[in-house]
Amino acid sequence: MSDTNQDLDVRRRKLMYRSTYTGTKETDIILSRFAERNLPTFSARQLDLYEELLAAGDPEIMAWVVRGKPVPPEFDNEVSRLLVRFNYATSA
């Protein structure tokens, strides 16, 4: 395993932790299931996008996921679109 792969694995583990312990139980459930499904295959660029998305905070992320609020342009990317379309209820 190269250093690059090791670095990506470390980032994935950290992002998985952040996805599981966001601050609200509802967001924890949604993001942890999304992360379990997607982080293993995310590229370094996609990990960057996901990390930026997490920085938006729980209230914003929940608003996007339940479609109560459109994703703002600064967060509108392939990862946020995957999250909004993700069916966490069938991913358990």
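Only this structure's heavy atoms are used, side chains among them; waters, hydrogens and symmetry mates stay out. Each residue takes its place number in the sequence, starting with 1.
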Q) What do the steps show when you test D28 against K25 for salt bridge (Lys or Arg N to Asp or Glu O under 4.0 Å), and what is the final call? A) CA-CA 5 Å; D28 292 351; K25 190 64 175 172; 5.2 Å; no
(Q) Parallel, tilted or perpendicular, judged at 30° and 60°: which one describes the rings of Y50 and F42? (A) perpendicular
Q. Between E60 and G57, is there a donor-acceptor pair closer than 3.5 Å when you use the side chain of the first and the backbone of the second?
A. no
Q: Starting at OG1 of T24, measure out to CD1 of I29 and round the result to the nearest 0.5 Å.
A: 9.0 Å
Q: Determine whether L83 and I30 make a side-chain contact, defined as any pair of heavy atoms from C-beta on separated by less than 4.5 Å.
A: yes
Q) Can you find a heavy atom in the side chain of R33 that is under 4.5 Å from one in the side chain of F86? A) yes
Q: May I ask you to decide if F75's main-chain N or O and N77's side chain share a donor-acceptor pair within less than 3.5 Å?
A: yes
Q) Atom CD1 of I61 and atom NZ of K69: how far apart are they, to the nearest 0.5 Å? A) 11.5 Å
Q) Do you know the tightest heavy-atom contact between L54 and S19? A) CD1-OG, 4.3 Å
Q: Flag yes if V66 and W64 sit in one hydrophobic cluster, no otherwise; membership is Ile, Leu, Val, Met, Phe, Trp, Tyr, and two members link when side-chain heavy atoms are under 4.5 Å apart.
A: yes
Q.
Taking the side chain as everything from C-beta on, heavy atoms only, tell me whether S80 gets closer than 4.5 Å to L49.
A. no
**Q.** Spacing of L15 atom CG and N38 atom CG [to the nearest 0.5 Å]
**A.** 12.0 Å
**Q.** D76 to R81 - nearest heavy-atom pair and separation
**A.** OD1-NH1, 2.8 Å
Q) How long is the gap from CZ on R13 to CG on D9, to the nearest 0.5 Å? A) 6.0 Å
Q: Would you mind checking if E51 and K14 are paired as a salt bridge, meaning a charged N to carboxylate O distance below 4.0 Å?
A: no
Q: Supply the atom-to-atom distance R18 CZ to L31 CG, rounded to the nearest 0.5 angstrom.
A: 10.0 Å
Q | Donor on one side chain, acceptor on other, T22 and D58, under 3.5 Å | A | yes
**Q.** Contact check, side chains of L39 and E36, non-hydrogen atoms, under 4.5 Å
**A.** no
Q. Between R45 and D48, is the closest basic N to carboxylate O distance under 4.0 Å?
A. no
Q: Specify the closest pair of heavy atoms between S32 and M16, including all atoms of both residues, with the distance to one decimal.
A: O-CE, 3.4 Å
